[in-house]
Amino acid sequence: MKRRVVITGMGAVTPIGNTVDEFWDNVKKGTLGIGPVTKFDTSDYKVHLAAEVKNFKAADHMDAKAARRMEAFSQYAVAAAKEAYDQAGLNMEEEDPYRVGVIISSGVGSLQCIQKEYGKLLEKGPNRVSPVMVPLMIANMAAGNVSITLGAKGKCSSVVTACASGSNSIGDAFRAIQYGDAEVMLAGGCESAICEVGLAGFTSLTALTQNPDPAKASIPFDKDRSGFVMGEGAGVVVLEELEHAKKRGAVILAELVGYGATGDAFHITAPAEDGEGAARAMQYAMEEAGIQPSQVDYINAHGTSTHLNDLAETRAIKKAFGESAKDLKINSTKSMIGHLLGAAGGVEFVVCVKSVMEDYIHQTLGSCESEEELDLDYCFGAPVQQKVEYAMSNSLGFGGHNASLLVKKYQE
């Protein structure tokens with residue numbers, strides 16, 4: 001039999017707060033984390049906005065030597081993981097370290113490192129490329145650095161599924177505990193790809209909005225949506241086997257009860273137009289939880305603010321929920337913090353847990369008017385205070401990756 005899995009800790013680094021409390025307070029205030037890019041000069045670019053992490057100091061979370069051996073995506077992951085670990089009240093001296101694992105992912109690793117070292121290669125030759133280029137840039141190093149920092153010696157991996165990476169990581173960590181591979185897992189996603197080549201690449205793909213108004217740049221499910229805004233950050237949670245958590249007296253925040261993952265087998269960047277793959281992921285999560293569609297109160301949508309995603313995801317929700325779709329509350333945290341790419345699923349999962357804990361569903365900030373086929377309740381205009389027994393988080397990634405996670409209020 002599958003074991004029950006609960007959430008006992010959470011950590012976040014985001015464009016509107018570098019702790020869960022700061023982030024959640026700003027979510028409830030409707031704070032916008034989008035603004036002009038400050039990391040480099042965008043004068044020659046068509047896109048000038050991003051959702052950058054602000055006032056983050058690596059020295060607050062690790063020593064200087066460790067920080068120098070991490071790129072920003074890994075630093076964000078370590079900071080979020082330490083916050084989650086501390087909230088969970090874990091003490092590795094009291095745990096079997098081989099039963100504590102890490103699955104934390106980045107969609108792309110460090111584009112900055114690649115860009116910088118390639119510049120050295122062209123200007124100064126191959127002998128000037130940094131000897132730590134590879135361990136700095138590769139996407140699995142977020143998980144590796146968290147494992148080293150905390151002394152977690154159990155299952156340690158990363159799941160690179162583009163914008164679904166964070167959700168797939170949490171789902172795989174969920175499975176590891178359910179089937180006895182671990183008692184505790186730190187899981188989530190991280191990303192920091194706001195750099196010259198990153199912005200240029202996503203712009204050339206026509207994925208990013210060119211709207212110069214920060215308040216109208218990321219407007220999921222709005223008829224005037226025109227693309228997503230690049231964001232950065234990390235979201236990490238502590239998942240724990242229920243009896244293990246109870247035995248050590250941990251405070252249980254919520255329970256993870258369902259996970260669904262599918263592939264569209266359709267297109268490298270566009271979602272399947274009928275939404276079938278995403279719908280199946282949602283259905284699988286509900287089936288695992290043993291609930292009916294009518295029991296789900298709220299969906300934190302992938303909601304990127306691109307024309308194709310928002311339409312396909314709406315179709316998927318209708319397909320998965322049938323008549324119950326019209327009763328759902330749906331929002332997109334990306335309306336406030338942009339698209340955190342591989343970190344999106346981790347941060348949005350944190351939002352779902354907080355929504356279940358506080359019976360609070362934030363508004364989709366900035367979105368005002370949907371179009372004909374987008375006829376569900378996307379929480380435009382104001383937040384909603386209502387009971388949230390079940391909350392679902394959706395993540396859809398380039399390559400056709402679909403992941404859905406289902407969170408429930410904890411009950412004995």
Side-chain angles (χ1 to χ4, degrees), residues 107 161-168 171 205-207 218-228 258-289 291-335 339 341 344-345 348-349 352 364 367 369-380 390-407:
T161 49
C163 306
S165 298
S167 291
N168 281 138
L205 188 61
T206 67
S218 183
I219 47 172
F221 304 107
D222 192 286
K223 64 181 179 60
D224 294 326
R225 67 194 184 280
S226 57
F228 72 78
Y259 171 48
T262 64
D264 282 343
F266 175 71
H267 190 272
I268 58 170
T269 58
E273 294 172 2
D274 63 359
E276 178 66 27
R280 288 292 186 96
M282 289 183 262
Q283 288 168 341
Y284 291 159
M286 289 186 283
E287 287 170 8
E288 179 172 22
I291 66 169
Q292 298 299 312
S294 60
Q295 293 176 261
V296 177
D297 302 291
Y298 156 57
I299 295 177
N300 189 296
H302 189 57
T304 59
S305 189
T306 64
H307 178 76
L308 291 177
N309 174 89
D310 295 1
L311 180 58
E313 189 172 9
T314 295
R315 289 171 175 168
I317 291 169
K318 291 178 180 179
K319 195 178 290 276
F321 285 84
E323 285 299 310
S324 297
K326 67 180 185 301
D327 300 319
L328 284 164
K329 299 298 181 186
I330 302 164
N331 66 11
S332 173
T333 307
K334 294 179 180 70
S335 63
H339 191 349
L341 308 178
E348 290 159 14
F349 185 80
C352 283
T364 299
S367 299
E369 183 180 352
S370 55
E371 55 195 17
E372 184 177 357
E373 200 173 338
L374 304 186
D375 55 358
L376 300 179
D377 185 348
Y378 305 108
C379 298
F380 289 179
Y390 288 94
M392 179 178 285
S393 179
N394 287 341
S395 293
L396 318 177
F398 285 170
H401 308 286
N402 307 301
S404 293
L405 298 162
L406 189 59
V407 180

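Here the structure is a predicted model, which is why all the values come from computation and not from measurement.
In this structure, CG on Asp264 lies 12.5 Å from CZ on Phe398, to the nearest 0.5 angstrom. We find the CG-OH distance between Asp297 and Tyr390 to be 9.5 Å, quoted to the nearest 0.5 Å. With rounding to the nearest 0.5 Å, the separation of NE2 in His302 from CZ in Phe228 is 8.5 Å. To the nearest 0.5 angstrom, Ile299 atom CD1 is 8.0 Å from Ser404 atom OG. Remark: Thr262 OG1 to Asn402 CG distance equals 3.5 Å, nearest 0.5 Å. Within the model, atoms OG1 of Thr314 and CG of Asp375 stand 8.0 Å from one another, a figure rounded to the nearest 0.5 Å.
Nearest heavy-atom pair across Ala278 and Leu396 is CB-CD2, 3.9 Å. Ser332 approaches Gly303 most closely through the heavy-atom pair OG-O, 2.7 Å. When all heavy atoms are compared, the tightest approach of Cys163 to His339 is SG-NE2, 3.2 Å. Taking both residues in full, the closest heavy atoms of Lys329 and Asp377 are given as NZ-OD2, 2.6 Å, listed atom of the first, atom of the second, then distance. Listed here is the closest heavy atom pair of Ala320 and Pro293: O-CG, 3.9 Å. Considering all non-hydrogen atoms of both residues, Lys318 and Glu373 come closest at NZ-O, 3.0 Å.
When side chains are defined from C-beta on, Leu374 counts as touching Leu311, because their heavy atoms get closer than 4.5 Å. Counting heavy atoms from C-beta outward, Phe321 and Leu376 have side chains that stay 4.5 Å or more apart. Side-chain contact between Phe349 and Ser395 is absent, with no heavy atoms from C-beta onward closer than 4.5 Å. Using a 4.5 Å heavy-atom cutoff, the side chains of Met286 and Met392 are in contact. Leu308 has its side chain within reach of Pro271: a pair of non-hydrogen atoms, C-beta onward, lies under 4.5 Å apart. Annotation: side chain of Met282 is in contact with side chain of Asn394 (closest heavy-atom distance under 4.5 Å). Thr304 places none of its side-chain heavy atoms less than 4.5 Å from the side chain of Glu313. Proximity of Leu328 to Val296: side-chain heavy atoms (C-beta onward) are separated by under 4.5 Å at one or more points.
For the residue pair Asn331 / Tyr298, a side-chain donor-acceptor distance below 3.5 Å is found, with atom types taken as modelled. For the 3.5 Å distance criterion, the side chains of Ser393 and Asn300 fail to qualify, holding no donor opposite an acceptor.
Qualifying side chain to side chain donor-acceptor pair (under 3.5 Å) partners for Glu371, counting only residues two or more places apart in sequence or in other chains: Arg225.
At distances below 3.5 Å, not a single donor-acceptor pair connects side-chain atoms of Glu348 with backbone N or O atoms of Gly345. Side-chain atoms of Ser218 come within 3.5 Å of backbone atoms of Lys334 as a donor-acceptor pair (strictly under, hydrogens ignored).
The aromatic rings of Tyr378 and Phe221 sit parallel to each other, their planes meeting at less than 30°, with 60° as the upper class boundary.
Contact check on Glu273 versus Arg315 returns no salt bridge, with no Lys/Arg side-chain nitrogen under 4.0 Å from an Asp/Glu carboxylate oxygen.
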